[in-house]
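What follows is a short report on a single structure.
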Amino acid sequence: MSTKMMLMANSLTHVRPLTCVAAAGSRLVPQPPDLIKWVKSEGGFVHKSVQISQGDSFGLGLVASEDIPKGSDIIALPQHIPLKFGSLEAETSLDAGAHSALINLAQHVPEELWAMKLGLKLLRERAKKGSFWWPYISNLPETYTVPIFFPGEDIKNLQYAPLLYQVNKRCRFLLEFDKILKHELENLKPDDHPFGGQHVDSSALGWAMSAVSSRAFRLYGSKRPDGTRRNVPMMLPLIDMCNHSFDPNAEIVQEEENRNRNMLVKVVAGRQIKQNDSLLLNYGCLSSDLFLLDYGFVIPSNPYDCIELKYDAALLDAASMAAGVSSPKFSSPSPWQQQILSHLNLDGQNSDLKVTLGGRELVEGRLLAALRVVLSDDEEAVQQHDLETLKSLTVEAPLGISTEVAALRTIVALCVIALGHFPTKIMEDESLLKQNVSPTTELALQFRIQKKSLIVDVMRDLSKRVKLLLAKESAP
């Protein structure tokens with residue numbers, strides 16, 4: 001899929017042409033309006049020390065020109081500034097038909113790709129002459145470094161099947177949604193066309209979806225009749241230029257204004273922010289897959305990263321045998337073991353066979369409990385423990401040292417098998433990274449190095465645990 005926006009401009013005066021020629025790092029227009037001034041002019045607040053600056057790792061970001069004390073308001077946006085989908089508040093009667101067309105299109109978007117729904121609104125506002133949000137939209141990047149825009153070779157270079165599946169799924173959706181969009185819009189009157197009659201293709205849809213997925217926040221929106229508030233994705237002008245850190249110095253809070261009960265979205269200093277420090281938010285405790293898919297970057301040594309495996313009986317039998325277990329029974333568990341596997345949702349018709357290694361758990365509890373149970377022949381010993389105990393790695397050898405060693409060695413063997421699915425080794429990837437490669441190739445290399453390093457770290461950790469257990473077993 002090309003990174004260029006293949007959008008055809010037309011001569012209608014009430015739309016803003018969508019055609020652009022992509023250039024790395026550029027904004028939608030060469031000299032966009034001053035975003036800080038716009039936010040202030042619309043009744044928002046921006047701390048006097050906030051400046052927009054070009055960062056080294058994540059591109060444009062916000063920095064402090066002077067110290068900002070802990071607890072200070074940094075940015076505050078009144079309710080009308082965030083860009084949301086699904087409301088007629090900002091639509092005139094002349095725009096109602098176009099808004100209705102957007103609603104119809106949004107019904108074809110699956111919930112997991114929620115960013116595309118808001119992306120439709122973003123494309124509409126980008127096309128509309130005089131859009132309230134144009135000062136914000138014009139500051140958006142012209143291109144994104146998410147994998148749906150990678151060249152085919154660099155998609156292959158990711159080398160990790162679960163991510164490849166998600167990338168291909170999103171690309172297929174964009175191509176199919178492109179056809180749906182053409183069909184839904186082909187007979188609309190010009191005034192009812194959400195994009196002013198302009199042609200929107202899969203590349204344009206991909207740009208909009210990427211803009212939203214990399215910048216939107218899920219926050220509280222308008223109140224329901226029962227007084228509760230909806231959870232609404234919204235784009236937050238200026239706030240979304242804060243970059244990511246797992247150790248943020250700022251946080252987003254929402255406050256209800258007493259006079260009109262509207263929600264005010266604010267960024268507040270979580271600690272003292274020193275001069276020249278970047279303003280940092282935590283985008284979430286996400287895996288490397290999601291950071292790359294939605295944000296277009298890779299975080300080295302991501303503590304929340306994990307690898308996905310399938311709970312496959314034949315594979316586990318092979319891994320256990322490679323680990324030195326003489327006759328594993330994953331393919332033929334006893335009835336009492338099968339019952340526990342069913343409670344773990346690893347057996348039965350609607351079971352969830354996806355398990356993970358890495359992250360804060362190191363070994364997903366369901367996988368660890370299954371290994372402990374199937375590798376134990378002592379039903380009575382198993383029944384003495386609840387599932388939460390069997391799922392916990394912090395509970396040392398609940399079913400005895402020999403069973404624990406067999407379970408941990410089986411996981412190490414699974415790691416060896418997982419590493420074998422990558423066609424290159426870490427040292428080869430690091431060598432390639434030192435060469436003059438394209439930005440997308442660099443991201444693909446960084447991603448697969450992160451995944452392989454994670455597997456190696458899991459192996460090292462579990463191997464140390466095995467050594468300690470064997471030392472205890474042999475101690476007099």
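In this structure, a donor-acceptor pair under 3.5 Å is absent between the side chains of Asp347 and Ser342. For the residue pair Gln450 / Asn302, no side-chain donor-acceptor distance below 3.5 Å is found, with atom types taken as modelled.
Contacts of Phe217 classified as ring-ring contact (aromatic ring centres under 6.0 Å, His included), with partners at least two apart in sequence or in another chain: none. Partners of Ser214 according to the side chain to side chain contact (heavy atoms under 4.5 Å, CB included) rule, which considers only residues two or more places apart in sequence or in another chain, are Tyr144, Tyr295. Qualifying ring-ring contact (aromatic ring centres under 6.0 Å, His included) partners for Tyr311, counting only residues two or more places apart in sequence or in other chains: none.
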Exercise answer: donor-acceptor pairs, residues 263-271 side-chain atoms, under 3.5 Å, sequence neighbours excluded:
from	atom 1	to	atom 2	distance (Å)
Lys266	NZ	Asp73	OD1	3.2
Lys266	NZ	Asp73	OD2	2.9
Lys266	NZ	Glu255	OE1	3.2
Lys266	NZ	Glu255	OE2	3.2
Arg271	NH1	Asp247	OD1	3.3
Arg271	NH1	Pro248	O	3.0
Arg271	NH2	Asp247	O	3.4

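A donor-acceptor pair under 3.5 Å links the side-chain atoms of Ser438 to the main chain of Thr441, judged by distance alone. Side-chain atoms of Asp294 never come within 3.5 Å of backbone atoms of Ser213 as a donor-acceptor pair (strictly under, hydrogens ignored). Using a distance-only test at 3.5 Å, with no hydrogens or angles considered, no donor-acceptor pair links the side chain of Asp154 to the main chain of Pro151. Judged by distance alone, the side chain of Trp133 and the main-chain N or O of Ile81 form a donor-acceptor pair under 3.5 Å. In this structure, Ser474 contributes its side chain and Ala471 its backbone to a donor-acceptor pair below 3.5 Å. In this structure a side-chain-to-backbone donor-acceptor pair under 3.5 Å is present from Asp305 to Ser288. A donor-acceptor pair is defined here as one N or O able to donate and one able to accept, closer than 3.5 Å; no such pair exists between the side chain of Tyr136 and the backbone of Pro82. A side-chain donor-acceptor contact under 3.5 Å links Asp386 to the backbone of Thr389. Side chain of Ser53 to backbone of Gly61: no donor-acceptor contact under 3.5 angstrom is found. Between the side chain of His244 and the main chain of Tyr283, a donor-acceptor pair closer than 3.5 Å is present.
Taking the six-membered ring for Trp and thresholds of 30 and 60 degrees, Phe246 and Phe291 have ring planes more than 60 degrees apart, a perpendicular arrangement.
Salt bridge Glu388/Lys391: present, at least one basic N to carboxylate O contact under 4.0 Å. Look at Lys452 and Glu428 and you find no salt bridge, because none of the NZ, NE, NH1 or NH2 atoms lies under 4.0 Å from a carboxylate O. The residues Glu111 and Lys117 are annotated as salt-bridged, a charged nitrogen and a carboxylate oxygen being separated by less than 4.0 angstrom.
Every pair tested for ring pair (Phe, Tyr, Trp, His ring centres under 6.0 Å) that includes a residue from residues 320-372 fails, sequence neighbours excluded, so the list is empty. Pairs engaging residues 359-375 under the side-chain hydrogen bond (donor to acceptor under 3.5 Å, both in side chains) rule: Tyr304-Arg360, Thr356-Glu364, Glu364-Arg366, Arg372-Glu404 [sequence neighbours left out].
The number of heavy-atom neighbours closer than 6.0 Å to CZ of Arg460, taken from other residues, nucleotides and ligands shown, is 12 or below. Around the CD atom of Gln275, the shell of radius 6.0 Å holds more than 12 heavy atoms that belong to other residues, nucleotides or ligands.
In this structure the side chain of Phe177 never reaches within 4.5 angstrom of the side chain of Leu113, judged on heavy atoms.
Note that CG of Asp289 is 4.5 Å distant from CZ of Phe447, once rounded to the nearest 0.5 Å. Considering CG of Leu368 and CG of Leu344, their distance stands at 10.0 Å, rounded to 0.5 Å.
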Self-check item: Residues Asn243, Ser278; criterion side-chain hydrogen bond (donor to acceptor under 3.5 Å, both in side chains); working and verdict
Solution: CA-CA 8 Å; Asn243 285 321; Ser278 296; 5.5 Å; no
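Among all heavy-atom pairs drawn from Leu293 and Arg170, the shortest one is O-NH1, 3.6 Å.
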